[in-house]
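All remarks here apply to the structure that follows.
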Amino acid sequence: LVVHVLVVGAGAIGGVLGARLSDAGVTVTLVGRPGPVRAIREHGLVVEGVGATVVRPQAEESVGAGSDADVYLVAVKTFDLDAALSALAAARPPRPTLLVQNGLGVEAVALEALGAGGWREPARYLVRAVQSVPATALGPGRVRATGVGEIVLPDPARAGPAAAAVRTVTELLRATTVPVRVTGDFEREVWRKLLVNAAINPVTAIHGVVNGAVLDEPLRTEALVLLEEARLVAGRAGVAFAREEAIAEFERVARATATNRSSMLQDVERGRPTEIDAISGELVRRGRAVGVALPATDAAREAVVALAGRRPQPL
Ligand code: KPL
């Protein structure tokens with residue numbers, strides 16, 4: 001029985017998922033930067049919008065602080081994953097560890113980091129989920145949920161050594177209000193989300209618009225070119241999507257998250273690093289490896305890299 005979850009990362013996703021777990025009766029400890037930790041200790045963790053709530057989780061600045069936990073939920077950005085998991089594994093014993101990052105190659109980075117931190121057989125504990133919970137950080141300890149979204153998990157029967165951990169995590173998430181879907185083809189879900197992120201995130205970050213703006217011209221065409229390039233790489237990786245299916249998924253997510261600011265836009269606005277490398281950068285590298293050029297994706301990648309850090313806003 002899971003009674004205590006350590007949530008590493010107190011940003012928009014860590015905040016919303018931490019609050020949903022807390023509302024489900026689970027004890028939650030959030031690990032974050034000093035600002036959010038102070039705010040959560042003083043005012044609680046505030047979720048506005050869909051499923052608005054105020055919860056009072058414990059909040060810590062260090063991953064090793066606080067009591068033993070049954071599950072670790074790691075909700076840091078992809079580029080912080082390595083450092084967060086090395087620190088986690090060095091500070092705490094192996095437990096089912098749920099990853100909710102965007103991008104490609106997350107599992108390999110995670111296994112390496114957990115091993116480096118001292119866990120033996122990290123593959124037994126690692127559970128990757130694909131989440132599409134639309135959330136915008138409003139300030140330290142304050143998040144707006146702009147929709148319900150869902151979390152997709154692998155079928156434990158196909159999760160190999162992680163089967164028991166997958167079961168534990170699935171049961172845990174099912175106790176919350178976030179819809180949970182289990183799939184026998186998890187790799188496809190990773191790519192499905194990646195296609196959407198590759199199209200929506202750079203365009204919204206570059207133009208400074210909410211996700212719904214990509215449904216209309218001229219941004220629709222700009223995003224669809226990126227979607228198509230990503231779809232080609234997916235096909236070469238053995239994960240085939242029909243063009244119509246990719247477009248339908250892009251439109252579905254853009255509509256469902258229409259008022260949300262993409263995570264990449266939020267990062268650019270705060271002058272923080274973005275996940276562009278794990279999304280578009282990884283696509284360009286994988287395309288190159290199989291002889292597929294991705295000119296639009298590479299140009300978008302460069303544009304986001306150039307933007308990042310230019311428009312810092314206090315948060
Ligand atoms: O995953 C997202 C993100 O912002 O990174 C989407 C689905 C685009 C929601 O904003």
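Hydrogens, waters and symmetry mates play no part in the numbers below; they use all other heavy atoms, side chains included.
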Margin query: For Phe241, does the six-membered ring have the charged nitrogen or CZ of Arg188 within the cation-pi criterion, i.e. under 6.0 angstrom from the centroid and within 45° of the normal?
Written below: yes
Next item on the list: Quick one: pull up CG in Leu98 and CD in Gln131 and give me the separation to the nearest 0.5 Å.
Entry: 9.5 Å
Notebook entry, point to check: What do you reckon, is CZ of Arg38 surrounded by more than 12 foreign heavy atoms closer than 6.0 Å?
Noted result: no
Notebook entry, point to check: How far does OG1 of Thr257 sit from CG of Asn211, to the nearest 0.5 angstrom?
Noted result: 3.5 Å
Next item on the list: Flag yes if more than 12 heavy atoms outside Glu245 fall under 6.0 Å of its CD atom; otherwise flag no.
Entry: yes
Check: Do any pairs count as a salt bridge (charged side-chain N to carboxylate O under 4.0 Å, His left out) and have a residue in residues 155-166, sequence neighbours left out, and if so which ones?
Finding: none
Notebook entry, point to check: Are Pro93 and Asp68 close enough that some pair of their side-chain heavy atoms sits under 4.5 Å apart?
Noted result: yes
Item checked: Distance in Å, Leu232 CG paired with Leu195 CG, rounded so as to fall on 0.5 Å steps -> 9.5 Å
Notebook entry, point to check: To the nearest 0.5 Å, how far apart are OG1 in Thr168 and OH in Tyr125?
Noted result: 11.0 Å
Check: Is it the case that more than 12 heavy atoms not belonging to Glu61 sit under 6.0 Å from its CD atom?
Finding: yes
Notebook entry, point to check: Can you get from Val178 to Tyr72 by hopping between Ile, Leu, Val, Met, Phe, Trp and Tyr side chains that sit under 4.5 Å apart?
Noted result: no
Check: Can you tell me how far the CD atom of Glu269 sits from the OG atom of Ser262, to the nearest 0.5 Å?
Finding: 8.5 Å
Notebook entry, point to check: If you measure from the Lys or Arg side-chain nitrogens to the Asp or Glu carboxylate oxygens, is any gap between Glu282 and Arg301 under 4.0 Å?
Noted result: no
Check: Thr274 and Asp267: side-chain donor and acceptor closer than 3.5 Å?
Finding: no
Check: Taking only residues at least two apart or on different chains, which pairs with a member in residues 21-31 satisfy side-chain hydrogen bond (donor to acceptor under 3.5 Å, both in side chains)?
Finding: His4-Thr29, Asp23-Thr53, Thr29-Gln58
Notebook entry, point to check: More than 12 non-hydrogen atoms from neighbouring residues, nucleotides or ligands closer than 6.0 Å to CZ on Arg285, yes or no?
Noted result: yes
Checklist line | Other residues, nucleotides, ligands: >12 heavy atoms within 6.0 Å of Arg92 CZ | finding: yes
Next item on the list: Determine whether Ile276 and Leu294 fall in the same hydrophobic cluster, where Ile, Leu, Val, Met, Phe, Trp and Tyr are linked whenever their side-chain heavy atoms lie under 4.5 Å apart.
Entry: yes
Next item on the list: Nearest 0.5 Å please: distance from the OG1 atom of Thr136 over to the CD atom of Glu48.
Entry: 10.5 Å
Next item on the list: Please name the residue in the list Val100, Leu73, Val166 that meets the side chain to side chain contact (heavy atoms under 4.5 Å, CB included) test with Val127.
Entry: Val166
Checklist line | Cluster check Val214, Val268: I/L/V/M/F/W/Y, side chain < 4.5 angstrom | finding: yes
